[in-house]
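One structure is given below, encoded as structure tokens.
First the proteins, then the strands, lettered A, B, ... as listed; each starts at 1.
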Amino acid sequence: MSEKNYLTTDYTLKSWFLTTDHKRIAILYFASLIFFFFIGGAAATAIRIELATPQADLVSSDIYNRLFTMHGIIMVWFFLIPSIPNTLGNFIVPLMIGARDLAFPRLNLMSWYIFMLGGCTTLFAIFAGGVDTGWTFYTPFSTLYSNSYVIVAAAGVFIAGFSSILTGLNFIVTIHRLRAPGLTWYRLPLFLWSLYATSVILVLATPVLAITLILIATERFFGVGIFDPRIGGDPLLFQHLFWFYSHPAVYIMILPGMGVINELVSCYSRKQVFGYKFVAWASLAIAAVGFLVWGHHMFVSGQSLVASLVFSFMSFIVAVPSAIKVFNWTATLHKGSIHFDAPMLYALAFIGLFTIGGLTGLFLACLAFDVHATDTYFVVAHFHYIMVGGMVTAYFGGLHYWWPKMTGRHYSEYWARTAAVLIFFGFNLTFFPQFILGAEGMPRRYHVYPPEFQVWNVLSSGGAAILAVAYLMPLLYLGYSAFFGARASANPWNATGLEWQTSSPPPEFNFTTQPVVTRAPYQYNGDFQAEPQNA
Amino acid sequence: MWRQWIPFWQPALSLHSGDVDLLFAGLLVASALVLGLLFFLLMLFCVRYRAGNQTDRDDRVVKSWHWEVGWTTASFICFLGLFVWGASVYFQIYKTQADEHDVFVVAKQWMWKTQHPGGQSEIDALHIPVKRPVRLVMASQDVIHSFFIPALRLKHDVVPGRYQDLEIEVDKPGHYHLFCAEYCGTDHSGMIGEIVAMEPADFSNWLTQQAPLSPLADEGGVLFRELGCSGCHGYGSKVRAPPLEGLYGKPVPLSDGTSVIADDKYIRDSILLPRSQVVASYEPLMPSFEGKVSEDQLLRLVLYIKSLAGRQS
């Protein structure tokens, strides 16, 4: 380790905060996201403690409303959406395509500053007085009735949106222009296909969110009657605009997660991903059809029955490419040589949890059942299975997989496996009872609830306690390994991606010689070696 | 009944909610089959093909697209079936039928106000007769609320600025939850009430006991004069305004050549936005009453005009 790598080139604060190295920017994002994850997680913990009893014991209803709004806004916009693209993506994309950096390195740094500006604006809104609209900002409550910092919070989200657009743009150009010689589209690792699809959504959908938030501000300041029915506005117009962004946003969260899972399943079963082309195009199909399903959030809003019919149909259609992926991952295991390292445990957990989330998504796409289940805990359980069970699990899997590359160190395999199992168990105990609560009819966003719902709420809160501990564990053992972990070789998993062909951690400009690609991805030949573990 | 096998599942209380339960059971069975198969295969592969296990990994079969095409088609057909089933039940539950008994529901932060045609009004409660369809006409005074009766598997948003129709029918007497399902501010979780379903005879007794001094339509008549509506729409008026007697439920020719049925929504719109749908051969003279009448008053006015349906103009 005498050679200089990207971590050791310079130690000054200035060298970090003015860096244009995609790897250092990824680390900046990583640190910021941990911060936001624990703020959002703290709000979730408070919510679950409050809901352990049917009465209001811990907080007042206004505080409760601010808590779940804070949880939603922080988690969606400042953790879930940026997590995989901005940390793992930022770090891995140039390495995976054999490039020195992203196409626009300074734009990349600017994206981080914009993101932090947005984050700080929203944090200011939250701590100066709070927001009580829910992360969905539904009008006319948000424009006429809420006495909270709606505009400041919306401004934060608006600013962060620009960061998303710029990152998406950067990825699209990078993947188009900077691929190593020989790296054709069908030789791209599937993680890049899914990040490409994600970036397309980021670039196309985020402006609609920006427009929507500007319209809210206009309505609040000038009372111009966009959403206010008393002067000819339409409250449902807001929902159409909002979900036109926010439904595709769900795919922004889950597609990169699916991309990570391809890498993990393939590497740890030492096999090529089954049906590479199907999986690749399924990502783009999800991105495309994902734009046409937003109306399924509005089946009981009074939109026309025919509109509901069309949106229901499209929602079933978008499930087909997701099903393809699940089947292909399972088929990849067939005749593999499966190693149960921590990243693989996360990948297997992802397949199970994502499938449960996806199947219950069909329940909600199904018109008549959605009438009963929408706005109940069934929905809360469903989207947590997708976003937390799916996306966060994939994020943790990817983080463990690329950790030796990012830090040049190994974490404790024992603790990593324990945390993975504990997260899986705690997650299911937290969210499965919520399906039952929803089916029984408990509405979401309820601060106090009828006593017959208590049993399931207690189970859920108990699960949340386990989950909270399980999510803290990686912070400890990964933090420890970053400084004291055993040194990792360039390719500890014997994986095939280009990112493993440079040293761990990589030098400042990634590769000492320009790599050339001569074969399809995932050409595993069965051999596997993990590095010796630290104590 | 299969429903009793699920201990936490409350039985449905009407024909439509029974259909929803059946659909739910169908979805559960389909998902359980898919999940069962998936978990079985995952377990099987994980055990049999774990690293170090001596097993046949010979994979010389040329990969074809048969599997992918197969399971893509299978998923698609399965989804199509569930879609059609769900949609047909949806159309049944939202298909509003004859208004045997209308109840007006006004949602406001944070209470449900319900009013029967005879003027009986309630807060956070709604008494209805069993086995008879009741049509709810719902309006919101402020933000979006959502009228949700879990026992009926039925829910509808109540959006300010428009009337929302919902037909409900309960088969068994009892007290059932009424929730607000759309987040509406501070006391959202306190905006709960109960549906009290009674035998028809008990319900008639209840209505009689609760009867107010003047029914809603009469109150509407008083308002009609107080607000000056009768100055134009009444007999012997100098201003030429369309007569309202015999109007309700009839088609109205409009100045743009189309026509609309004079229902609750049309009358409400005509009071609030009189220039949006002008009756053919009349001048658009009427001022808007937007902001001058509350939802409660609007309901009374609509009921009054409705009560004129049988009279000759």
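- Atom CG of B:Asp157 sits about 12.5 Å away from atom CZ of A:Phe299, to the nearest 0.5 Å.
- For B:Ile144, the parts lying near chain A are the backbone and the side chain together; criterion is any non-hydrogen pair under 4.5 Å.
- Ranked by heavy-atom pairs shorter than 4.5 Å toward chain B, the options A:Cys366, A:Ala373, A:Pro321, A:Gly336 are led by A:Gly336.
- Residue contact with chain B, scored on non-hydrogen atoms closer than 4.5 Å, involves the side chain of A:Phe340 exclusively.
- Taking 4.5 Å as the limit, every side-chain heavy atom of B:Phe45 sits out of range of all side-chain heavy atoms of A:Ser269.
- More than 12 heavy atoms of other shown residues, nucleotides or ligands fall within 6.0 angstrom of atom CH2 in A:Trp135.
- Proximity to chain A (any heavy atom under 4.5 Å) is restricted, for B:Ile192, to the side chain, taken from C-beta onward.
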**Request:** List the steps, then state whether side chain to side chain contact (heavy atoms under 4.5 Å, CB included) holds for A:Val371 with B:Val20.
**Result:** CA-CA 9 Å; A:Val371 170; B:Val20 176; over 6 Å; no
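- With a threshold of 4.5 angstrom between heavy atoms, A:Leu144 does not approach chain B through any atom at all.
- Both the backbone and the side chain of B:Glu182 come within contact range of chain A, judged by heavy atoms closer than 4.5 Å.
- At a threshold of 4.5 Å between non-hydrogen side-chain atoms, the residues A:Ser61 and B:Ser189 do not count as touching.
- Chosen from A:Ile338, A:Leu305, A:Val320, the residue pairing most often with chain B at heavy-atom distances under 4.5 Å is A:Ile338.
- Using cut-offs of 30° and 60° on the angle between ring planes, the pair B:Trp71 and A:Phe327 is tilted.
- Interface remark: of the candidates B:Ser31, B:Gly161, B:Ala30, B:Ser31 forms the most heavy-atom pairs closer than 4.5 Å to chain A.
- Under the 30°/60° scheme for interplanar angles, the aromatic rings of B:Tyr183 and A:Phe141 are found to stand perpendicular.
- Residue contact with chain B, scored on non-hydrogen atoms closer than 4.5 Å, is absent for A:Gln272.
- Contact annotation for A:Phe313: both backbone and side-chain heavy atoms come within less than 4.5 Å of a heavy atom of chain B.
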**Step-by-step side chain to side chain contact (heavy atoms under 4.5 Å, CB included) determination, B:Tyr49 to A:Leu333** = CA-CA 8 Å; B:Tyr49 301 115; A:Leu333 299 178; 6.0 Å; no
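- Of the atoms belonging to A:Ala56, not a single heavy atom falls under 4.5 Å from chain B.
- Residue A:Thr360: no heavy atom, backbone or side chain, is found under 4.5 Å from chain B.
- Ring geometry for B:Phe179 against A:Phe453 counts as tilted: the plane angle lies between 30° and 60°, on a 0 to 90° scale.
- With a 4.5 Å cut-off on non-hydrogen atoms, A:Ala323 touches chain B through its side chain but not through its backbone.
- To the nearest 0.5 Å, the span separating CZ on B:Phe83 from CG on A:Leu367 amounts to 6.5 Å.
- Under the 4.5 Å side-chain criterion, counting only non-hydrogen atoms from C-beta, A:Thr355 is not in contact with B:Phe39.
- Only the side chain of A:Phe68 has a heavy atom closer than 4.5 Å to any heavy atom of chain B.
- Per-residue counts of heavy-atom pairs under 4.5 Å with chain A were compared for B:Ala87, B:Pro160, B:Ser75; the largest is that of B:Pro160.
- Taking the side chain as every heavy atom from C-beta outward, B:Trp67 and A:Asn328 never approach each other to under 4.5 Å.
- Between chain B and the residues A:Ser308, A:Gly134, A:Ala331, the largest count of heavy-atom pairs under 4.5 Å involves A:Ser308.
- When side chains are defined from C-beta on, B:Leu38 counts as touching A:Val326, because their heavy atoms get closer than 4.5 Å.
- For chain A, the nearby part of B:Leu80 is the side chain; its heavy atoms alone come within less than 4.5 Å.
- Interface residue A:Thr374: backbone and side-chain heavy atoms are both found under 4.5 Å from chain B.
- Note: A:Arg445 leads A:Met298, A:Glu452, A:Arg66, A:Arg445 in heavy-atom pairs under 4.5 Å with chain B.
- Using a 4.5 Å heavy-atom threshold, the side chains of B:Arg162 and A:Leu236 count as touching.
- Checked by atom type, the side-chain pair A:Asp370/B:Tyr90 shows no donor-acceptor distance below 3.5 Å.
- Two residues are said to be in side-chain contact when any heavy atoms from C-beta on lie closer than 4.5 Å; A:Phe369 and B:Val89 fail this criterion.
- For a residue to count as touching a neighbouring chain, one of its non-hydrogen atoms must lie under 4.5 Å from one of that chain's; by this rule A:Ser312 touches chain B with backbone and side chain alike.
- Taken from CZ in A:Arg230 to CG in B:Asp142, the straight-line distance is 9.5 Å, to the nearest 0.5 Å.
- Ranking B:Cys46, B:Pro150, B:Ala51, B:Cys78 against chain A, the residue ahead of the rest is B:Ala51, based on heavy-atom pairs under 4.5 Å.
- Atom-to-atom distance recorded for A:His372:NE2 and B:His16:NE2 is 16.0 Å, nearest 0.5 angstrom.
- Interface summary for chain B: among A:Ala368, A:Pro229, A:Gly441, the most heavy-atom pairs under 4.5 angstrom belong to A:Ala368.
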